[in-house]
*Asks:* 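Right, I'll just put the structure down here and ask away after.
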Amino acid sequence: MGTPTHCLRAITLRTDFSFCHYLEPKFPNYFFKLNKKPFSLSLSSSLSSSTLSFSMPYERELAAAKKAATLASRLCQKVQRVLLQSDVHSKSDKSPVTVADYGSQVLVSFVLERELPSVPFSIVAEEDSGDLRTESGQDTLKRITDLVNDTLANDGSYNVSPLTNEDVLRAIDNGKSDGGSVGRHWVLDPIDGTKGFVRGDQYAIALALLDEGKVVLGVLACPNLPPTSIGSNQLQSSSNGVGSLFFAKVGHGAYTQALDGSTQTRVHVTDIENPEEASFFESYEAAHSLHALSSSIAEKLGVKAPPVRIDSQAKYGALSRGDGAIYLRFPHRGYREKIWDHAAGCIVVSEAGGIVMDAAGNPLDFSKGKFLDVVAGIIVTNQKLMPSLLKAVKEALNEKASSL
């Protein structure tokens with residue numbers, strides 16, 4: 001094994017991924033490709049003492065996403081503490097939008113651009129700057145700009161001049177991508193669960209990355225979700241204001257830690273297989289999901305516990321650590337699911353050992369733009385419960401259809 005490096009022309013390494021590239025031994029640093037993603041490789045002067053060091057796929061992106069979501073959550077926590085009714089701003093679809101909603105999107109855009117400067121930048125996001133560019137939106141825009149600058153200054157990670165109003169508008173409009181099956185696209189819901197946010201209840205900053213139409217990482221910052229388990233009798237927000245951060249990378253499991261940056265812990269969905277022992281999550285707002293249909297499904301399964309109703313993708317996070325066994329979402333007729341409402345939560349639960357499907361048993365397809373094409377609704381549970389859950393869903397939907 002004492003072959004000198006000048007005789008080396010190529011190396012094939014066996015890993016969980018397929019990759020190859022040429023090496024030029026006269027340089028101390030080499031680059032090869034792993035599934036079309038760049039990695040750095042270091043070699044010593046001979047094969048007998050060679051050492052390999054490289055960053056795993058999406059590691060930098062996950063670190064940037066965690067930082068972005070955590071910083072955005074600090075802004076949101078500050079606003080929620082002093083929330084006034086005047087902070088609620090109406091969109092054309094009548095859902096509430098807050099100063100924090102825009103500010104969160106600005107911060108996520110800002111952090112991703114600075115942490116990943118060499119990567120093509122595309123965000124599919126919920127908000128745009130249209131309303132803020134009008135004369136009536138100038139006061140709101142100023143408040144957003146001041147709030148973002150204050151958050152950045154308090155954080156101290158970035159030595160930059162204060163952002164201007166135009167900087168803020170541009171950052172918001174970074175989220176105009178339509179996504180799709182080609183290239184990389186960040187998917188962001190700056191505040192998922194705005195009604196929960198306004199009430200002082202659960203909400204989440206939900207950020208995911210699509211690569212060629214597949215979700216490859218996700219982060220859920222849940223400022224009001226306690227780091228400890230919740231249940232039907234424990235629905236209050238985090239009393240100490242710490243909150244929970246969930247994150248996952250494809251093929252590497254799902255993890256959680258407190259939003260204050262404590263040690264991370266790997267999470268796994270519950271292994272309950274008896275439906276009678278299961279509990280289920282559903283949307284807090286009846287306008288977001290058909291509670292009667294969920295109740296019918298639970299009855300057919302034999303679920304005895306009452307539903308746990310909370311806002312936002314915090315449900316995905318709670319389910320990923322085993323707080324409940326099932327999540328049911330059946331929106332009203334005519335509603336189209338959007339990718340930012342499920343992308344981050346989907347990979348967190350999937351990497352925690354769960355399954356996310358539509359009501360017909362199809363996996364969610366995030367490659368077709370801003371919307372998900374799903375049959376009837378979305379169901380989430382563990383592998384053991386999914387067959388019986390699909391059966392109960394089919395029966396309940398057939399009964400509902402026959403009664404119309």
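In what follows, every heavy atom counts, from backbone to side chain, and hydrogens, waters and symmetry copies are set aside.
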*Asks:* Does the Gln257 side chain pair with the main chain of Ser262, one donor and one acceptor, at a distance under 3.5 Å?
*Replies:* yes
*Asks:* Taking C-beta and beyond as the side chain, do Val111 and Tyr158 meet within less than 4.5 Å on heavy atoms?
*Replies:* yes
*Asks:* For side chain to side chain donor-acceptor pair (under 3.5 Å), just list the numbers for Asp167 and Thr164, CA-CA rounded to whole Å, side-chain angles, deciding distance to a tenth of an Å, and then say yes or no.
*Replies:* CA-CA 5 Å; Asp167 291 332; Thr164 66; 3.1 Å; yes
*Asks:* State, to 0.1 Å, how close Pro227 and Gly243 come at their nearest heavy-atom pair, and which atoms those are.
*Replies:* CG-O, 3.8 Å
*Asks:* After noting the C-alpha distance and the side-chain angles of Ser367 and Ser181, does the key distance pass the side chain to side chain donor-acceptor pair (under 3.5 Å) rule?
*Replies:* CA-CA 5 Å; Ser367 70; Ser181 60; 5.5 Å; no
*Asks:* Run through Gln202, Gln77, Gln80 and flag the one making a side-chain hydrogen bond (donor to acceptor under 3.5 Å, both in side chains) with Asn224.
*Replies:* Gln80
*Asks:* More than 12 heavy atoms of other residues, nucleotides or ligands under 6.0 Å from CD of Glu299: is that the case?
*Replies:* no
*Asks:* Show your reasoning for whether side-chain contact (heavy atoms from CB on, under 4.5 Å) applies to Tyr316 and Val356.
*Replies:* CA-CA 10 Å; Tyr316 279 107; Val356 184; 4.1 Å; yes
*Asks:* For Phe281 and Asp323: C-alpha separation, side-chain torsions, deciding distance, then whether side-chain contact (heavy atoms from CB on, under 4.5 Å) applies.
*Replies:* CA-CA 9 Å; Phe281 291 111; Asp323 289 6; 4.0 Å; yes
*Asks:* Could you tell me whether the side chain of Lys338 reaches within less than 4.5 Å of the side chain of Glu126, counting heavy atoms only?
*Replies:* no
*Asks:* Is there a salt bridge (charged side-chain N to carboxylate O under 4.0 Å, His left out) between Glu277 and Lys304? Walk through the geometry before answering.
*Replies:* CA-CA 7 Å; Glu277 300 174 5; Lys304 299 184 182 301; over 6 Å; no
*Asks:* Give the C-alpha distance, both sets of side-chain angles, the deciding distance and a yes or no for salt bridge (charged side-chain N to carboxylate O under 4.0 Å, His left out) between Lys249 and Glu59.
*Replies:* CA-CA 8 Å; Lys249 189 175 62 166; Glu59 197 68 29; 2.5 Å; yes
*Asks:* Run the side-chain contact (heavy atoms from CB on, under 4.5 Å) test on Arg170 and Asn174 for me, step by step, so that the C-alpha distance in whole Å, both residues' side-chain angles and the decisive distance to 0.1 Å come before the verdict.
*Replies:* CA-CA 6 Å; Arg170 186 191 65 81; Asn174 279 338; 3.7 Å; yes
*Asks:* Hey, is the main chain of Lys400 close enough, under 3.5 Å, to the side chain of Ser403 for a donor-acceptor pair?
*Replies:* yes
*Asks:* Looking at Arg143 and Gln138, would you say the former's side chain and the latter's main chain have a donor-acceptor pair under 3.5 Å?
*Replies:* no
*Asks:* State the OG-CG distance between Ser157 and Leu71, to the nearest 0.5 angstrom.
*Replies:* 7.0 Å
*Asks:* Would Lys300 and Glu399 pass as an ion pair if we require N to O under 4.0 Å?
*Replies:* yes
*Asks:* Would you check if Leu209 and Arg184 make a side-chain contact, meaning some heavy-atom pair closer than 4.5 Å?
*Replies:* yes
*Asks:* Using the salt bridge (charged side-chain N to carboxylate O under 4.0 Å, His left out) rule, take Asp173 and Arg133 through it: C-alpha gap first, then chi angles, then the decisive distance, then the call.
*Replies:* CA-CA 11 Å; Asp173 286 338; Arg133 292 181 182 274; 3.1 Å; yes
*Asks:* Does the separation of the ring centres of Tyr255 and Phe246 fall below 6.0 angstrom?
*Replies:* no
*Asks:* Within the side chain of Lys368, is there an N or O that forms a donor-acceptor pair under 3.5 Å with the backbone of Asp365?
*Replies:* no
*Asks:* If only atom types and distance count, is the side chain of Gln105 paired as donor or acceptor with the main-chain N or O of Glu127 below 3.5 Å?
*Replies:* yes
*Asks:* Kindly give the heavy-atom pair with the smallest separation between Val219 and Ala65, and that separation in Å.
*Replies:* CG2-CB, 3.8 Å
*Asks:* For a quick test of reading the model, state the closest non-hydrogen atom pair linking Trp340 to Leu188 and the distance between them.
*Replies:* CB-O, 3.5 Å
*Asks:* Roughly how far apart are Ser109 OG and Trp186 CH2, rounded to 0.5 Å?
*Replies:* 11.5 Å
*Asks:* Got a second to check how far Ser388's OG is from Leu301's CG, nearest 0.5 Å?
*Replies:* 5.5 Å
*Asks:* Tell me if the CD atom of Gln383 is crowded by more than 12 foreign heavy atoms within 6.0 Å.
*Replies:* no
*Asks:* Could you tell me if the side chain of Arg321 sits less than 4.5 Å from the side chain of Ile230, heavy atoms only?
*Replies:* yes
*Asks:* Using 4.0 Å as the upper bound for N to carboxylate O, is an ion pair formed by Glu337 and Arg329?
*Replies:* yes
*Asks:* Should the pair Asp150-Lys78 be classified as a salt bridge under the 4.0 Å nitrogen-to-oxygen rule?
*Replies:* yes
*Asks:* Looking only at heavy atoms, what is the nearest atom pair of Leu293 and Ala396, with distance?
*Replies:* CD1-CB, 3.9 Å
*Asks:* Are side-chain N/O atoms of Ser294 and Glu282 paired as donor and acceptor at under 3.5 Å?
*Replies:* yes
*Asks:* Would the distance check show the side chain of Asn382 and the main-chain N or O of Ile272 forming a donor-acceptor pair, the cut-off being under 3.5 Å?
*Replies:* yes
*Asks:* Say whether, by atom type as modelled, one donor and one acceptor occur between the side chain of Glu351 and the main chain of Ala254 under 3.5 angstrom.
*Replies:* no
*Asks:* I need the minimum non-hydrogen distance between Asp341 and Asp189, along with the two atoms involved.
*Replies:* OD1-OD2, 3.1 Å
*Asks:* Could you tell me whether a side-chain N or O of Asp260 sits under 3.5 Å from a main-chain N or O of Val242, the two making a donor and an acceptor?
*Replies:* no
*Asks:* Is it true that a side-chain atom of Ser320 and a backbone atom of Val269 form a donor plus acceptor pair closer than 3.5 Å?
*Replies:* no
*Asks:* Do Leu372 and Arg336 come close enough that some side-chain heavy atom pair is under 4.5 Å?
*Replies:* no
*Asks:* Of all heavy-atom pairs between Ser73 and Ala221, which one has the smallest distance, and what is that distance?
*Replies:* CB-CB, 4.2 Å
*Asks:* Atom CD in Gln264, atom CG in Leu245: separation rounded to 0.5 Å?
*Replies:* 9.5 Å
*Asks:* With heavy-atom distances below 4.5 Å as the criterion, would you say the side chains of Asp192 and Ile205 are in contact?
*Replies:* no
*Asks:* Would you verify whether the NZ or CZ of Arg114 falls within 45 degrees of the ring axis of Phe110 while also being under 6.0 Å from that six-membered ring's centre?
*Replies:* yes
*Asks:* Nearest 0.5 Å, what's the OG-NZ distance between Ser122 and Lys176?
*Replies:* 13.0 Å
*Asks:* With a 4.5 Å heavy-atom cut-off, do Tyr102 and Thr145 have their side chains touching?
*Replies:* no
*Asks:* Does Thr151 offer a backbone N or O that forms a donor-acceptor pair with the side chain of Asp155 under 3.5 Å?
*Replies:* no
*Asks:* Between Ile297 and Leu328, is any pair of side-chain heavy atoms under 4.5 Å apart?
*Replies:* yes
*Asks:* The test is side-chain contact (heavy atoms from CB on, under 4.5 Å); show your working for Cys222 and Tyr203 and say whether it passes.
*Replies:* CA-CA 6 Å; Cys222 306; Tyr203 66 99; over 6 Å; no
*Asks:* Quick one: which of Arg60, Lys66, Lys67 gives a salt bridge (charged side-chain N to carboxylate O under 4.0 Å, His left out) with Glu115?
*Replies:* Lys67
*Asks:* Just wondering, more than 12 heavy atoms not from Lys394 lying within 6.0 Å of its NZ?
*Replies:* no
*Asks:* So how far is it from His185 NE2 to Ile339 CD1, rounded to the nearest 0.5 Å?
*Replies:* 8.5 Å
